[in-house]
Every structure is written in structure tokens, then in C-alpha cells.
Amino acid sequence: TGKRAFIAGVADDNGYGWAIAKSLAAAGAEILVGTWVPALNIFESSLRRGKFDESRKLPDGSLMQITKVYPLDAVYDNPEDVPEDVKTNKRYLGSSNWTVEEVAQSVKQDFGSIDILVHSLANGPEVTKPLLDTSRSGYLAAISASSYSFISLLKHFAPIINPGGASISLTYIASERIIPGYGGGMSSAKAALESDTRVLAFEAGRKHKVRVNTISAGPLRSRAAKAIGFIDMMIDYSSANAPLQKELSAEEVGNAAAFLASPLASAITGTVFYVDNGLNAMGVGV
Ligand code: NAD
């Protein structure tokens, strides 16, 4: 309660970012979101037209309020990084100040500080290709959008995160076990994100008293997951083989994020926190 959260990676009501926003709002936090520039118009107009009202409902019957939506492209740290073709792309021309550094500055100007930073975004242009067939540029793009984006967000937001604050990202078990189909260097990107979670927990803990954790989430039928192409199979596999034989809801991940962001988790940092019905603990499918 009384906390302010910035959630990067919300562009509809199907993903983990939305569910985390809801759980944090239900716990009394003020919600700011960062939405990928190309998805901004449709997200904002859907919000305005009431398309998400049903899924904005909180347990007490009220509707989640999003105080402000910031355009964001987490692949660029500052305007000097933005190539000409992106600058002049018509989906980007309508928005401004959407590089990571500028968004952090805008949030600082608007609100002064935040308490919770959530990174719920990933992108791998070659995700459907096996690692052996992944190009150098595809691999580096996956790492840039899915791993370095968290370093950049934390670097630019940490100075405005109140001491005792928390940051959370989302990862996937493909970082440490073979998940055929999660290609394009996305498995590598998640491995980097998890390793960075430990190193950044040390650095941000010492320098800013900010905690850094990542949630290793089970499969969810989000927009991003549908683009990978094997999400229904992964959901069926989990239901068949996990200790808890139920479909994972986004809300369960949202609630775990609310816990990790809360004072209840004040000694937890540098961890990979599994929210996957226990599937990670299985050695064989049964
Ligand atoms: P999602 O589609 O709701 O979220 C991904 C978001 O990333 C989208 O809103 C997209 O617009 C945004 N995005 C992409 N590139 C961006 C950029 N350059 N700058 C800013 N935003 C950008 O899908 P999701 O599955 O909820 O993904 C959220 C996180 O959860 C990701 O890190 C994903 O890897 C992770 N995750 C998902 C699953 C799953 O099964 N869905 C499982 C484990 C982990």
C-alpha cells in the first residue's frame, strides 16, 4: 500500500505484465506502465474504449487504475541510439521520449520516485529457429530486447527507486533445461537474465538498497507466447507432468510478484523464484 510501481511490457490484458499490475493494484500500489511504442495506440484506445474493463476488475470490485502509460522501446537507451529508420517510422513518429533514459526522466519529473520496477518484456526475432540456425544479429537482438533491457531499466530507474524497493523480471526454465522450440537465442537471453539477477542484486543492493529477483514462470497463452507457436503443447505438458495438475493462471504469477515486491520478502534478493506449479522440480515426465 502507498507504493508506486512502474511495469514495463504491458500492451494488452493477456500477459504477465497486466496480471502483475493487477496484483500490485489490489495490494494498494499506484500503477504506471511502459508500453512498446508500436503497440501504444491500440493499447491506449482499447483502454479508453473500455475493452479491458472486465479484466480491470480487482477483488474488491473496483477497476484497476493505470495512472499513466509511457511509450517505451527498451532496445534503445537514449536518442543517440535510435537509428534513422526507426526515428522516421510512422509508428514511432507520434510518440516522444520513449528511450529508457528518457522514460526514467519523465517518471522522475511526473512522480519523483517509484518503489517497484517490473520488467515483463522479451523479444527474439528468430525465436522459432533452432539455436543452430540462429543468425548473429537475431541472437544479439534477443539478448538486447530480453536481457540488456533489464540492465538498462534498472540502471536508469535505480536512482529514483526508494531504498527498500524491489525489481522483478520474468524468466523461463528454457534457460537451464532444454526446451526444444524456444529458439533464436531466447534460451540464452533468459540464462543471461538469471545470471544478471544475481550480479545486479549485489550491485543494486549495495548501492541503492534495491532488491532484484526474477520469476521463472510456467507457460501462459500470452500474445508473445502465441508467437513462439508451441504454447498449447507446453501448457498440456505442464498439466500432465507438474506436481500440481492445473493450468497456471497469470494471476498466480501476479500474486507472487506482489509478494516479492512487498516487505514480506525484504530478505529475498538475487533469486530465481519458480511459479510454475512445480514443474521445474520434475526429473522425468510421468
Ligand atoms: P506479453 O506479450 O504480454 O509481454 C511481452 C511484452 O513485451 C509485450 O507487451 C511487448 O509489446 C513488449 N515488448 C517487446 N519488445 C519490446 C521493447 N523493445 N520495448 C518495450 N516492450 C517490448 O507476453 P508475456 O508472455 O506475458 O511476456 C512477459 C514476460 O514473461 C517475458 O519476459 C516472457 O519471456 C516471460 N515469460 C512468459 C512465459 C509464457 O509462457 N507466456 C513463461 C515464462 C516467462
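Residues take their numbers from the sequence shown, with the count starting at 1. Start at 1 and go down the list; that is how both ligands and their atoms are numbered. The structure displayed is predicted, hence computed values, not measured ones.
Not counting sequence neighbours, the partners of N14 by the side-chain contact (heavy atoms from CB on, under 4.5 Å) test are D12.
Each of the atoms 19 (N), 20 (C) of ligand 1 lies under 4.0 Å from some heavy atom of L72. Within the listing of ligand 1, atoms 40 (O) sit less than 4.0 angstrom from a heavy atom of I231. Those atoms of ligand 1 that come under 4.0 Å of a heavy atom in T171, given as number and element, are 43 (C), 44 (C). Numbered from 1 in the order shown, with element, the atoms of ligand 1 that lie under 4.0 Å from a heavy atom of P219 read 40 (O). Atoms of ligand 1 lying under 4.0 Å from at least one heavy atom of R223, given by number and element, are 2 (O). Those atoms of ligand 1 that come under 4.0 Å of a heavy atom in N123, given as number and element, are 15 (N). Close approach to A225 involves these atoms of ligand 1, each under 4.0 Å from a residue heavy atom: 41 (N).
Contact between I215 and ligand 1 is absent, with no heavy atom of the residue lying under 4.0 Å from the ligand. Under a 4.0 Å heavy-atom criterion, V75 is in contact with ligand 1. Taking 4.0 Å as the cut-off, H119 does not count as a neighbour of ligand 1 on heavy-atom distance.
For atom 4 (O) of ligand 1, the closest non-hydrogen atom on the protein side is S120 O, 3.7 Å. Residue, atom and distance of the protein heavy atom nearest to atom 7 (O) of ligand 1 are L121 CB, 3.3 Å. The nearest protein atom to atom 24 (P) of ligand 1, hydrogens excluded, is given as S222 OG, 3.3 Å; this is a heavy-atom distance. For atom 40 (O) of ligand 1, the nearest protein heavy atom (residue, atom name, distance) is L220 N, 2.8 Å. The protein non-hydrogen atom at the shortest distance from atom 35 (C) of ligand 1 is L170 CB, 3.6 Å. For atom 3 (O) of ligand 1, the closest heavy atom belonging to the protein is G15 CA, 3.2 Å. Given atom 1 (P) of ligand 1, the protein heavy atom at minimum distance is A224 CB, 3.9 Å. When only non-hydrogen protein atoms are considered, atom 21 (N) of ligand 1 lies nearest to W36 CB, 3.5 Å.
Atom 42 (C) of ligand 1 has its nearest heavy-atom neighbour, among A39, A141, G218, A250, in G218. With atom 32 (O) of ligand 1 as the reference point, the heavy atom nearest to it among M234, K190, R221 is part of K190. Nearest-heavy-atom check against atom 31 (C) of ligand 1 across A174, G9, A74, A122 picks out A122.
For the residue pair T197 and E194, no side-chain donor N or O sits within less than 3.5 Å of a side-chain acceptor on the partner. D110 and Y70 are linked by a side-chain donor-acceptor pair at a separation below 3.5 angstrom, with hydrogens and angles left out of the test. With 3.5 Å as the limit, one finds a donor-acceptor pair spanning the side chains of E30 and T67.
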Throw together a table of side-chain donor-acceptor distances under 3.5 angstrom for residues 75-83, partners on residues two or more places apart or in other chains.
{"residue": "D77", "atom": "OD1", "partner": "S152", "partner atom": "OG", "Å": "2.6"}
{"residue": "N78", "atom": "OD1", "partner": "E80", "partner atom": "N", "Å": "3.4"}
{"residue": "D81", "atom": "OD2", "partner": "D77", "partner atom": "N", "Å": "3.2"}

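Checked against the 6.0 Å centroid criterion, the rings of F43 and W36 do not qualify as a close aromatic pair.
Using a 4.5 Å cut-off on side-chain heavy atoms (C-beta onward), L24 and I31 make contact. In this structure, the side chains of N277 and L279 stay at 4.5 Å or more apart for every pair of heavy atoms. When side chains are defined from C-beta on, H119 does not count as touching L170, because their heavy atoms never get closer than 4.5 Å. Using a 4.5 Å heavy-atom cutoff, the side chains of N162 and I114 are not in contact.
Of the N or O atoms in A217, none lie within a sub-3.5 Å distance of an N or O in ligand 1. For a threshold of 3.5 Å applied to N or O pairs, the pair formed by A145 and ligand 1 contains no separation below that value. Of the N or O atoms in Y16, one or more lie within a sub-3.5 Å distance of an N or O in ligand 1. In terms of polar-atom proximity, D73 is counted as a contact of ligand 1, with an N or O under 3.5 Å from an N or O of the ligand.
Between E203 and R206, no side-chain nitrogen of the basic residue sits less than 4.0 Å from a carboxylate oxygen of the acidic one, so the salt-bridge criterion is not met. Electrostatic pairing of E252 and K246 counts as a salt bridge here, judged by a charged N lying under 4.0 Å from a carboxylate O.
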Inset, instruction - Check step by step if salt bridge (Lys or Arg N to Asp or Glu O under 4.0 Å) holds for E44 and R49. - result: CA-CA 9 Å; E44 285 198 304; R49 293 201 324 266; over 6 Å; no

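Within 6.0 Å of CD in E176 there are more than 12 heavy atoms belonging to other residues, nucleotides or ligands.
With values rounded to the nearest 0.5 angstrom, F6 atom CZ is found 9.0 Å from S106 atom OG.
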